Amino acid sequence: MTTAMAGSAAVQRLRLRTELREARLAADLTQRQVADQMEWSPSKLMRIEAGEVGVTVNDLRLLLAFYRIEDAERVEHLLALARGSRKMPFTEYRDIYHKDFLDFLAMEASAWINRTFQSMVLPGLLQTEEYASAIIRAFSPDESAAQVSRMVEARMLRQDVMDSGEAQFFFILDESVIRRQVGGSKTMRAQLRQLADLAARPHIHLMILPFGLGAHAASAGPFTLFEFKEDVPTCLYLENPRGSATVSTNPDDAADYIDLFQDLESKVLKDGVPEILLRVADGLGTPPADLTPAA
């Protein structure tokens with residue numbers, strides 16, 4: 001396997017966009033100059049360099065010729081990245097998910113380290129089928145039963161990434177996430193018991209941010225950071241309540257949120273999380289007790 005072919009489609013797209021941007025800068029060309037020469041809209045090149053879309057092999061050959069990249073080995077390396085980057089996962093669900101979320105799924109499937117903070121609902125990777133169905137119906141009340149079923153199916157398929165045991169997953173959950181009875185007490189009790197099982201796995205690190213902490217720096221909302229084994233930038237994913245998202249590979253953005261995550265880690269409950277989850281499950285329907293152990 002060549003170096004170019006190693007890694008997932010998402011990683012190959014990230015590598016390709018980085019190398020193409022570096023090649024343009026090395027040729028001392030602006031995006032406008034390249035777009036005019038290629039007879040593209042400026043937005044097309046911007047999206048390619050941002051990793052938002054792939055590039056066809058034919059277009060790439062012309063682009064590399066304009067950049068005066070003639071070394072056969074390097075040309076083949078970049079062409080291989082372009083071919084591989086077009087085989088993104090979960091494309092069979094593009095009729096129900098917007099492109100930003102499909103990119104999120106591709107990165108999720110490729111990441112070596114996943115760091116997620118959630119303040120309202122469980123991350124999709126942790127949801128039971130019943131919990132997922134209840135959440136999707138609440139967020140998308142106008143969707144047909146068939147569409148909801150497909151969304152749940154996709155969510156369950158995503159969870160295969162946690163079965164390999166190779167990647168590491170760090171989840172920080174606000175206490176409200178484990179208290180809110182999504183789907184009713186029966187569904188939530190089963191969900192919490194599954195969470196307790198997941199929290200016992202060595203590669204899944206589940207942490208709880210207790211109510212007693214009060215206001216904190218992540219109160220603005222949930223975020224996810226993806227880190228990769230390959231030499232590609234850390235990806236930051238931010239989703240707003242209306243469903244649109246921001247994806248950034250800016251190193252400064254990622255560094256800020258890594259610092260934020262590490263700050264939260266210093267304040268969370270880490271020890272005895274499976275037991276805490278089982279205790280909350282058994283106490284559903286009664287007034288919530290303080291999670292923090294008595295001094």
Side-chain angles (χ1 to χ4, degrees), residues 8-10 52-54 86-111 114 116-164 167 169 171-199 201 204 206 221-224 226 237-247 277-278 280-285:
S8 71
E52 295 176 0
V53 296
R86 299 184 68 82
K87 302 172 184 177
M88 300 288 276
F90 293 96
T91 53
E92 65 269 33
Y93 296 101
R94 58 178 172 260
D95 61 314
I96 58 173
Y97 288 136
H98 54 72
K99 186 187 175 302
D100 284 342
F101 192 65
L102 289 174
D103 288 344
F104 171 87
L105 297 181
M107 291 185 288
E108 180 180 79
S110 311
N114 177 320
T116 297
F117 167 71
Q118 259 293 351
S119 56
M120 295 296 292
V121 300
L122 283 169
L125 290 179
L126 302 177
Q127 295 176 10
T128 64
E129 192 168 336
E130 293 76 16
Y131 183 105
S133 180
I135 281 291
I136 290 169
R137 290 181 186 281
F139 283 4
S140 307
D142 297 328
E143 295 288 357
S144 67
Q147 290 291 75
V148 170
S149 178
R150 292 193 68 226
M151 290 179 181
V152 172
E153 174 187 75
R155 195 159 296 187
M156 296 303 102
L157 286 173
R158 288 168 57 191
Q159 297 176 5
D160 289 348
V161 73
M162 294 196 300
D163 290 336
S164 68
F169 298 85
F171 299 101
I172 296 179
L173 308 178
D174 187 87
E175 185 176 342
S176 63
V177 174
I178 65 171
R179 296 289 192 185
R180 182 168 290 103
Q181 295 186 35
V182 173
S185 58
K186 182 179 178 181
T187 291
M188 196 63 195
R189 190 172 290 112
Q191 174 67 80
L192 290 170
R193 288 172 178 162
Q194 176 171 296
L195 273 185
D197 290 340
L198 291 171
R201 296 187 186 182
I204 298 176
L206 199 59
F223 62 91
T224 299
F226 296 118
Y237 182 88
L238 302 169
E239 186 173 1
N240 72 35
R242 295 186 178 275
S244 61
T246 299
V247 180
L277 293 168
L278 293 175
V280 173
D282 291 341
L284 288 177

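What you are looking at is a predicted structure, and each value in this text was computed from that prediction instead of being measured.
For the pair Asp103/Tyr237, no side-chain contact is recorded, criterion being any heavy-atom separation below 4.5 Å from C-beta on. Looking at Leu284 and Met188, their side chains come closer than 4.5 Å, going by heavy atoms from C-beta outward. Using a 4.5 Å cut-off on side-chain heavy atoms (C-beta onward), Thr224 and Phe104 make contact. No side-chain heavy atom of Thr187 sits less than 4.5 Å from a side-chain heavy atom of Val182. A 4.5 Å side-chain heavy-atom check between Glu108 and Leu125 finds at least one atom pair inside the cut-off. Looking only at side-chain heavy atoms (C-beta outward), Phe169 and Leu126 stay at 4.5 Å or farther from each other. In this structure, Leu195 and Leu122 have side chains that are in contact, with non-hydrogen atoms separated by less than 4.5 Å.
The shortest non-hydrogen separation linking Arg193 to Asp282 is NH2-OD1, 3.4 Å. Scanning both residues, Ser176 and Ser119, for their nearest heavy atoms gives OG-O, 3.0 Å. Nearest heavy-atom pair across Ile178 and Leu173 is CG2-CD1, 4.3 Å.
Within the 3.5 Å criterion, the main-chain N or O of Met120 finds a donor-acceptor partner in the side chain of Arg180. Under the 3.5 Å distance criterion, the side-chain polar atoms of Gln159 are matched with a main-chain donor or acceptor of Gly124. In terms of modelled atom types and a separation under 3.5 Å, the side chain of Gln118 and the main chain of Pro222 share no donor-acceptor contact.
Between the CZ atom of Phe90 and the CG atom of Leu102 there is a distance of 9.5 Å, given to the nearest 0.5 Å. Here CG of Leu198 is found 9.5 Å from CG of Leu277. Values are rounded to the nearest 0.5 Å. Distance check: Gln181 CD to Leu192 CG gives 9.0 Å after rounding to the nearest 0.5 Å.
With salt bridges taken as basic N to acidic carboxylate O contacts below 4.0 Å, one links Asp163 and Arg201.
Phe117 meets the ring pair (Phe, Tyr, Trp, His ring centres under 6.0 Å) test with His216, Phe223; sequence neighbours excluded.
The stretch residues 144-157 participates, sequence neighbours left out, in these side-chain hydrogen bond (donor to acceptor under 3.5 Å, both in side chains) pairs: Tyr93-Glu153, Asp95-Arg150, Gln127-Arg155.
Heavy-atom contacts from other residues, nucleotides or ligands closer than 6.0 Å to CD of Glu129 number 12 or fewer. The neighbour count for Met156 CE, taken as heavy atoms of other residues, nucleotides or ligands under 6.0 Å away, is above 12.
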